[in-house]
Amino acid sequence: MGPNRPPGGAPPPNETARLVAMLRLMHRIRAFEREAVAAMRSGEAPGVVHASIGQEAVAAGVCLHLRRTDRITSNHRGHGHALAKGADARAMMLELYGRAGGACGGKGGSMHIADFSVGMLGANGVVGAGIPIACGAAQGLKLLRQDAIVACFFGDGAVNRGPFLEGLNWAALYRLPVLFVCEDNGFAAFTRTAEATAGAGAAARAEAIGVPALSVDGTDALAVDAAAAELVAAIRAGGGPRLLHARCYRWEGHTGTDPAAYRPAEEVAAARERDPIRRLAEALAGRGVDAGEIAAIAAEAEAEMRAHREAARAAPPPDLAAAFADVQDIGAPAPCRA
Amino acid sequence: MGPNRPPGGAPPPNETARLVAMLRLMHRIRAFEREAVAAMRSGEAPGVVHASIGQEAVAAGVCLHLRRTDRITSNHRGHGHALAKGADARAMMLELYGRAGGACGGKGGSMHIADFSVGMLGANGVVGAGIPIACGAAQGLKLLRQDAIVACFFGDGAVNRGPFLEGLNWAALYRLPVLFVCEDNGFAAFTRTAEATAGAGAAARAEAIGVPALSVDGTDALAVDAAAAELVAAIRAGGGPRLLHARCYRWEGHTGTDPAAYRPAEEVAAARERDPIRRLAEALAGRGVDAGEIAAIAAEAEAEMRAHREAARAAPPPDLAAAFADVQDIGAPAPCRA
Amino acid sequence: MPRLTFAEATRRALAAEMRRDPTVWALGEDLGRGGIFGQYRGLAEEFGPERIVSTPISEACIMGAGLGAALVGTRPVIEMRIADFTLCAMDELVSQIAKVRYMFGGQGRARLVVRMPGGMWRNSAAQHSQCLEAWLVHVPGLVVAAPGTAQDAASLLKAAIRCDDPVVLMESKNLWTAEGEVEEDAPPAEFGRARIARQGGEVTVVTWAASVPVVEAAAERSGVSAEVIDLRSLWPWDEAAVVASAARTRRLLVVHEAVTVGGFGAEVVARVIERLGPGGLRAVERLGAPRAPVPFAPVLEDAVRATPERVAEAIRRVAAA
Amino acid sequence: MPRLTFAEATRRALAAEMRRDPTVWALGEDLGRGGIFGQYRGLAEEFGPERIVSTPISEACIMGAGLGAALVGTRPVIEMRIADFTLCAMDELVSQIAKVRYMFGGQGRARLVVRMPGGMWRNSAAQHSQCLEAWLVHVPGLVVAAPGTAQDAASLLKAAIRCDDPVVLMESKNLWTAEGEVEEDAPPAEFGRARIARQGGEVTVVTWAASVPVVEAAAERSGVSAEVIDLRSLWPWDEAAVVASAARTRRLLVVHEAVTVGGFGAEVVARVIERLGPGGLRAVERLGAPRAPVPFAPVLEDAVRATPERVAEAIRRVAAA
Ligand SMILES: Cc1ncc(C[n+]2csc(CCOP(=O)(O)OP(=O)(O)O)c2C)c(N)n1
Ligand SMILES: Cc1ncc(C[n+]2csc(CCOP(=O)(O)OP(=O)(O)O)c2C)c(N)n1
Ligand SMILES: [Mg+2]
Ligand SMILES: [Mg+2]
């Protein structure tokens, strides 16, 4: 339970509304990614897609504590983070399709989704690369005397790359307002977290580098919400960086085409049993939210994302000139011959 | 006190001989570096020299527990490590002078001293770069079923670079026979350890990554000796990697020409008071070693290194062909025109 | 001779070398699961996890550990997964591996192979599509090879493993599933020897790696008698073969996937001019990518790559000049 | 005009820019102590530790944090201490900084400067002497400059700080203590505009950075009427000036400190030939380092560098060809 919510007892009404918003967001993320994976599998959308289905509580639970002026950096599995920060879902879907009007004009694709207008500073195709960027963003905001924080999402795989150490040490040294979020979904590509990570894991490493950390069940939306509330409050109070270690599970393969044969069916089934969306819905029902309202939220999210996909299918490809634009102002490239 | 020595009481005679050897080694390191710094300051030796004067107990205390077949990797401040592992002092001095017959034929210089014949796999001009190399050396030895370990020396500055994290995690995962030695001399160039390193430091970081660690007073030769004995024994027993965090102080500036004005004179004076060599000599005197013998050890070391310096002064420069040799066999460079 | 994909050809070559020499081993992410292109499939089962080492996502340590292991006498095959990730291990490759023998006066050797699957691959966008061979040719100490046929993928890998210098293999992601005839017992390739992929008398077209099939197809359709030279290795490279051909055709075109500016094509052009004198040639051109990152959308990606149409047009242009 | 060292000229230029624009700041190791060449001396005292940030030895984070700070609207000056250490931050420079604007469709810009003190410097040996400008010219998204005079060191730094693209400054370690006349109020330099350092009619000699004074001295002593062009920036570079001069002299020599093979000299040669046609020139040569690491001993270092004698000889050779 976070500092904002009394431990036990009926939540205040606006609190329930907040959790309903969280449920809606989680449904939207899942519906978006279901469409995205289908689009990729059918060959409609080019490139690869990494889905975070099953992990929605982490993105939603963290980002609902952020303001529009706060920033996030993300990784290759970034649709949920982007949507949770308020990125335009239609522009994102167009981007996945490589169409004009895409969030990055069709030049980024799934792994490079960004929406700077809502503080989403970019997904990243390089594991761990968002960590130093988040640190610098926080440092820049501090220098500009802007009262904003940065959340930095990465996977369990990133904690074995150098930038994890360099970035956490950096943030601690300069007491930067950064919330590091390690989404530990049990795998880095085809390798289990435990096979690649020695010692007690992300939270222990963070503590040793001087970044206080919390570990939570990342499939429990209320737990993530509470932990994020606590950590964000500490950061906003000037306490320096924090790390949230959220244990979860990815339901899909590493990419949309990975059958994930490296894990037993029972393990996947057990994870699906702990569906963060279903459990949050149940909790809300327990708090008196109407079953019809809950069902409608899911249906609306699905309808929204279906519509975005339709729009993406119908959208034209980008203008070829885009290939040569936005490289640089000084010494910009000349377009290729025909 | 390490496992090999009873806590208190008179040490066994061979134990005293061992400590006398340690004292001799420490004197040789200091004498070598005094000559090296003088050679550089006078302009006789080109390039830069990083002296480890004041830190001799670390190199000596660790390497005396190594066998000839064991390997070490080192950093830019590597003369002591090399000498302690048994490298040829004369060849080293010639190398510093950039002369024919130098340890690396005059192509490496102080920052790239190596002596593969005694398992010294090289100093390194890049902070932290020796860490992955040490891990791989240990992994290779294991694959070759060679019963040997690797000691990896680096400074407090290296614990803020990515390879520290990547290497320690790696060694722990594969249970490699590596002794990581963090020589914490209080500074990384002109920056104090505490100004650059958040959290509880090298040992805490190592533990969090799954590498058991010990911290010792690195100016206390007996303490280093005992800790190294314990850690090396654990590694040889198949226990996987260990880290030794040795707190010490560098008496000289960062390089031979750095006046080190960034530290108060009293601080330097206090450090000199804790001279590891004098204290080991006193301990040996207390154990009944003759004062004359102790004085002779110092004098011999100084005479040896003076002689090496004479030899280096007199040695011819390398043959110019060396500049184009040992680049590669396939596609080797043609020498420059005149 | 069996027809094999590049992935399968190199898989068999690596297996053969590992059977032949117990000091050969491989390390990289997810190798135990066969590698992401299947080029290690089944090898963990045959050789065990100590010789097919699945590593954490620690590129700097993968590269640096490979060096350490070479210095004690093993021959590691270092897998970078995607060439772009080598950017996370550049100090280890350039300041350590490439220099260790030289700066220690010949005491140690980095007998190792770095496999870098590079270039465009199905809309992978800016961070997964780079071609950086020009960088590596610029680095003393490294041998650099770039196979354009399945046979060379196997034979150059064998040669790389047996080589006493560090060898970087620029493997093309786009070619992993391409097939070619492969003589499995073929001897290791010889570095620095090009292959005349197509004979011709009007234009000399120099290329390598994934551009080889593109250029072959373009030469076919160009209507010009173009001599296509597949360099196979970029350092050393077969200057003699290129100079001989260009001296005959007096027209030189270099085609590569990498950005033209600062690409290895510049070196080829400069060297041929130095050897033949400017008067030795009538026309020279380089065809590579514009100086722009690789975009995601298929139409945009096509706009920045040397398609067979663009290559054919360039061949005709140079022939006509 | 005062005579200033390169270090002092850039120190003043940075201070002036920091006074002018409160979003300009610098980060790197030991900057609070003035930087290792004195190019930040006194700045921490004037601007405080929040704008002159002394960092841990964390090159990847120094580079990556610089990018993050640029994305929120500041203009960081990223100090790499020694250019070679950029190898520890290559992903951040090449896959992040250079690509961020493009791959996000123009949403963000990396308005930042990367200062890379490079090249040989008093027997620093293989790991502290590299010249990697050719790599960076090959990377779309980057502007690359390489001052050869104290005035340009200042004016290019100013231009870099005000530029809306990421700019890499290849500063030469060997020049930090060299002096030149510096007009402090000079406007920022214009990227892509070369300086004719010496006029001449027989040979065009193109060079940059630490080679500029070497070539000027060599031209003087060569006895040949050599036109010396100091490129000042390598991307964009002043093709027009070089082509115009070479069209006149019909003889082109490019001199640089970096390894010749794959160096930026190859690009200059290839481009001039493409522009003038092979028939437009009578003689072409590149003079750089052999494809070997830089050795430690003074006599060996001298053996691999373009000394004024070697340059003068090359000028005479090209003039005579
Ligand atoms: C530096 C780097 N190395 C390797 C990869 C290839 N890769 C992409 S995603 C991935 C797994 C990442 O695992 P994790 O960080 O746990 O994130 P998850 O995919 O589980 O969300 C790998 C190895 C990469 N993109 N970047
Ligand atoms: C990657 C890298 N960054 C910076 C440097 C420059 N440098 C050389 S030594 C040094 C200080 C290292 O401090 P530490 O590791 O504590 O070793 P010490 O010098 O104290 O022995 C620095 C910053 C370097 N050589 N390599
Ligand atoms: Mg994961
Ligand atoms: Mg230190």
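Lettering follows sequence order; numbering is per chain, from 1. Since the structure is predicted, the reported quantities are computational estimates derived from the model, not experimental observations.
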Could I get the full list of ring-ring contact (aromatic ring centres under 6.0 Å, His included) partners for D:Trp208, not counting sequence neighbours? D:His256, D:Phe264
With sequence neighbours left out, the residues meeting ring-ring contact (aromatic ring centres under 6.0 Å, His included) with D:Phe37 are D:Trp121, D:Trp176
Between [Y] and [X], does any NZ, NE, NH1 or NH2 come within less than 4.0 Å of an OD or OE carboxylate oxygen?
{"X": "B:Arg161", "Y": "D:Glu59", "answer": "yes"}
{"X": "D:Glu8", "Y": "D:Arg11", "answer": "yes"}
{"X": "B:Arg41", "Y": "B:Glu252", "answer": "yes"}
{"X": "D:Glu46", "Y": "D:Arg51", "answer": "no"}

Considering only heavy atoms, which portion of [X] lies under 4.5 Å from any heavy atom of chain B: side chain, backbone, both, or neither?
{"X": "D:Ala60", "answer": "neither"}
{"X": "D:Arg33", "answer": "side chain"}
{"X": "D:Ser58", "answer": "both"}
{"X": "D:Arg81", "answer": "side chain"}

Is the backbone of B:Ser52 close enough, under 3.5 Å, to the side chain of B:Glu33 for a donor and an acceptor to pair up by distance? yes
Spell out, as yes or no, whether a donor-acceptor pair under 3.5 Å connects the side chain of B:Thr193 to the backbone of B:Gly186. yes
Best-contacting candidate, D:Glu309, D:Glu29, D:Arg291, against chain B by heavy atom pairs under 4.5 angstrom: D:Arg291
I need the residue from D:Ala289, D:Ser54, D:Cys88 with the largest number of non-hydrogen atom pairs under 4.5 Å to chain B. D:Cys88
Heavy atoms under 4.5 Å from chain D: which residues of residues 194-205 of chain B carry them? B:Ala196
Tell me which of these, [options], has more heavy-atom pairs under 4.5 Å with chain D than the rest.
{"options": "B:Asn160, B:Asp319, B:Asp258, B:Val159", "answer": "B:Asn160"}
{"options": "B:Ala332, B:Gly47, B:Ala334", "answer": "B:Gly47"}
{"options": "B:Pro163, B:Pro317, B:Gly157", "answer": "B:Gly157"}

Is B:Val126 close to chain D through its backbone or its side chain, or both, or neither, when contacts mean heavy atoms under 4.5 Å? both
Please tabulate, for side-chain N and O atoms in residues 95-110 of chain B, each donor-acceptor pair with protein atoms closer than 3.5 Å (sequence neighbours left out).
| unit_1 | atom_1 | unit_2 | atom_2 | d |
| --- | --- | --- | --- | --- |
| B:Glu95 | OE1 | B:Ala103 | N | 3.2 |
| B:Glu95 | OE1 | B:Cys104 | N | 2.6 |
| B:Glu95 | OE1 | B:Gly105 | N | 3.2 |
| B:Glu95 | OE1 | B:Gly106 | N | 2.8 |
| B:Glu95 | OE2 | B:Gly106 | N | 3.4 |
| B:Glu95 | OE2 | B:Lys107 | N | 3.3 |
| B:Glu95 | OE2 | B:Gly108 | N | 2.8 |
| B:Glu95 | OE2 | B:Gly109 | N | 2.7 |
| B:Tyr97 | OH | B:Glu44 | OE1 | 2.3 |
| B:Tyr97 | OH | B:Arg309 | NE | 2.9 |
| B:Arg99 | NE | B:Tyr97 | O | 3.3 |
| B:Arg99 | NH1 | B:Ala312 | O | 3.1 |
| B:Arg99 | NH1 | B:Arg313 | O | 3.0 |
| B:Arg99 | NH1 | B:Ala315 | O | 2.9 |
| B:Lys107 | NZ | B:Ala322 | O | 2.9 |
| B:Lys107 | NZ | B:Ala325 | O | 2.7 |
| B:Ser110 | OG | B:His79 | NE2 | 2.8 |

Separation of D:Glu171 CD from D:Met80 CE (nearest 0.5 Å): 12.5 Å
Quick one: does NZ or CZ of B:Arg263 land under 6.0 Å from the six-membered ring centre of B:Phe187, within 45 degrees of the ring axis? yes
